[in-house]
Amino acid sequence: FLEIAGKTIIQHVMERCGKANKINKIVVCIPNDRENDELYKYLHNKFYDVGVYRGDPKNIVSRLVGVAEAEKADIIINVDAEDVLTDPRLIDKAVETIELGYKFVYFGGIPAGLGCYAFTVDYLKQIAATKDCNTDDHWYKLFEIKDDTTVDTLEDYERLKRLVDK
């Protein structure tokens with residue numbers, strides 16, 4: 001496994017995620033194919049406080065839904081394994097934003113690898129049921145990515161006010 005400063009890349013990612021205050025548990029989702037058997041063993045043997053979930057190699061959405069069901073989660077935060085510099089404050093902000101009533105959060109306008117994606121589990125299930133999710137490449141394009149912080153309705157106003165007033 002590749003190392004930076006004496007730690008594997010995945011270890012750096014998990015440590016940064018662990019600095020977030022708003023998450024309950026870190027679970028690494030990996031494909032259930034032979035290519036990832038060594039990664040599974042590494043994670044399982046080295047990180048006792050981190051869960052490992054294995055699922056469909058071609059369907060990240062189904063892996064995320066599977067881990068959500070296994071962990072009885074309401075919100076999923078997705079940080080890619082290569083995102084070594086993920087900012088834990090953005091993870092916390094994503095959770096706070098989902099808790100305000102958004103179903104999907106991503107951070108546009110920042111360098112790739114600093115942010116994360118956040119979803120309600122209901123939204124993930126809706127995507128899984130209505131779209132062809134059999135892709136491991138650019139899977140995030142399945143989601144409605146739009147910067148929706150405009151105030152077009154009273155509900156928009158109330159949600160934005162709660163976000164800004166925090």
Side-chain angles (χ1 to χ4, degrees), residues 1-99 102-121 123-125 127-128 131-145 147:
F1 298 102
L2 298 175
E3 291 189 3
I4 298 174
K7 297 178 185 177
T8 62
I9 288 175
I10 191 73
Q11 186 174 354
H12 282 285
V13 173
M14 289 188 298
E15 286 177 1
R16 292 192 62 85
C17 291
K19 290 179 181 180
N21 297 311
K22 300 269 184 184
I23 59 173
N24 298 324
K25 184 174 183 180
I26 296 172
V27 180
V28 180
C29 293
I30 61 174
N32 61 1
D33 55 14
R34 287 186 178 197
E35 273 180 50
N36 287 285
D37 287 348
E38 188 177 340
L39 177 59
Y40 173 78
K41 289 176 192 169
Y42 170 77
L43 293 167
H44 188 69
N45 293 328
K46 184 157 175 98
F47 304 101
Y48 301 107
D49 57 341
V50 172
V52 181
Y53 180 86
R54 297 189 81 174
D56 187 335
K58 296 271 188 212
N59 193 323
I60 292 175
V61 174
S62 75
R63 289 198 305 263
L64 293 173
V65 169
V67 76
E69 290 174 344
E71 297 294 329
K72 297 177 176 56
D74 297 318
I75 299 171
I76 291 289
I77 302 296
N78 183 81
V79 175
D80 293 332
E82 67 268 14
D83 294 346
V84 179
L85 299 178
T86 296
D87 188 332
R89 296 170 299 180
L90 291 177
I91 294 172
D92 288 338
K93 186 53 73 178
V95 172
E96 291 171 5
T97 305
I98 291 287
E99 289 173 340
Y102 288 89
K103 61 185 177 181
F104 173 63
V105 175
Y106 86 107
F107 296 97
I110 62 171
L114 293 179
C116 61
Y117 295 93
F119 319 87
T120 65
V121 173
Y123 184 57
L124 275 174
K125 289 179 178 179
I127 293 297
K131 296 193 179 186
D132 178 11
C133 299
N134 285 318
T135 181
D136 209 22
D137 184 41
H138 303 296
W139 65 276
Y140 54 85
K141 291 181 181 178
L142 298 167
F143 301 94
E144 298 170 20
I145 297 179
D147 296 316

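Treat the numbers as computed from the prediction; the structure is a model and nothing was measured.
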Looking only at non-hydrogen atoms, find the nearest pair between [X] and [Y] and report the distance.
{"X": "F107", "Y": "G115", "value": "CD1-CA, 4.2 Å"}
{"X": "R63", "Y": "I30", "value": "CD-O, 3.6 Å"}
{"X": "I26", "Y": "G18", "value": "CD1-N, 3.6 Å"}
{"X": "V67", "Y": "C29", "value": "CG1-SG, 3.6 Å"}
{"X": "A20", "Y": "P88", "value": "N-CB, 3.6 Å"}

Would you check if the side chain of [X] reaches a backbone N or O of [Y] as a donor-acceptor pair within less than 3.5 Å?
{"X": "D56", "Y": "S62", "result": "no"}
{"X": "Y48", "Y": "N45", "result": "yes"}
{"X": "N59", "Y": "V61", "result": "yes"}

Nearest 0.5 angstrom please: [X] [atom1] to [Y] [atom2], how far?
{"X": "L2", "Y": "I9", "atom1": "CG", "atom2": "CD1", "result": "4.5 Å"}
{"X": "L43", "Y": "M14", "atom1": "CG", "atom2": "CE", "result": "5.5 Å"}
{"X": "Y117", "Y": "D83", "atom1": "OH", "atom2": "CG", "result": "8.5 Å"}
{"X": "I77", "Y": "L64", "atom1": "CD1", "atom2": "CG", "result": "11.0 Å"}
{"X": "L124", "Y": "E69", "atom1": "CG", "atom2": "CD", "result": "10.0 Å"}
{"X": "C116", "Y": "L90", "atom1": "SG", "atom2": "CG", "result": "6.5 Å"}

Would you check, one step at a time, whether the test side chain to side chain contact (heavy atoms under 4.5 Å, CB included) holds for H12 with T8?
-> CA-CA 6 Å; H12 282 285; T8 62; over 6 Å; no

Counting C-beta onward and ignoring hydrogens, is there a side-chain heavy-atom pair between [X] and [Y] closer than 4.5 Å?
{"X": "K7", "Y": "E15", "result": "yes"}
{"X": "E3", "Y": "Q11", "result": "no"}
{"X": "K103", "Y": "I98", "result": "no"}

Would you please name every residue forming a ring-ring contact (aromatic ring centres under 6.0 Å, His included) with Y42, sequence neighbours left out?
-> F1, F47

Would you mind checking if D87 and R89 are paired as a salt bridge, meaning a charged N to carboxylate O distance below 4.0 Å?
-> yes

Residue pairs, two or more places apart or on separate chains, that pass side-chain hydrogen bond (donor to acceptor under 3.5 Å, both in side chains) and touch residues 27-38 |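 Those involving residues 27-38 are D33-N36, D37-R54.
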
Under the side chain to side chain contact (heavy atoms under 4.5 Å, CB included) rule, what do I91 and R16 come out as? Steps first, then yes or no, please.
-> CA-CA 10 Å; I91 294 172; R16 292 192 62 85; over 6 Å; no

Is there a side chain to side chain contact (heavy atoms under 4.5 Å, CB included) between V79 and V13 once you walk through the steps?
-> CA-CA 8 Å; V79 175; V13 173; 3.8 Å; yes

Stepwise side chain to side chain contact (heavy atoms under 4.5 Å, CB included) check, V28 with Y53 = CA-CA 6 Å; V28 180; Y53 180 86; over 6 Å; no

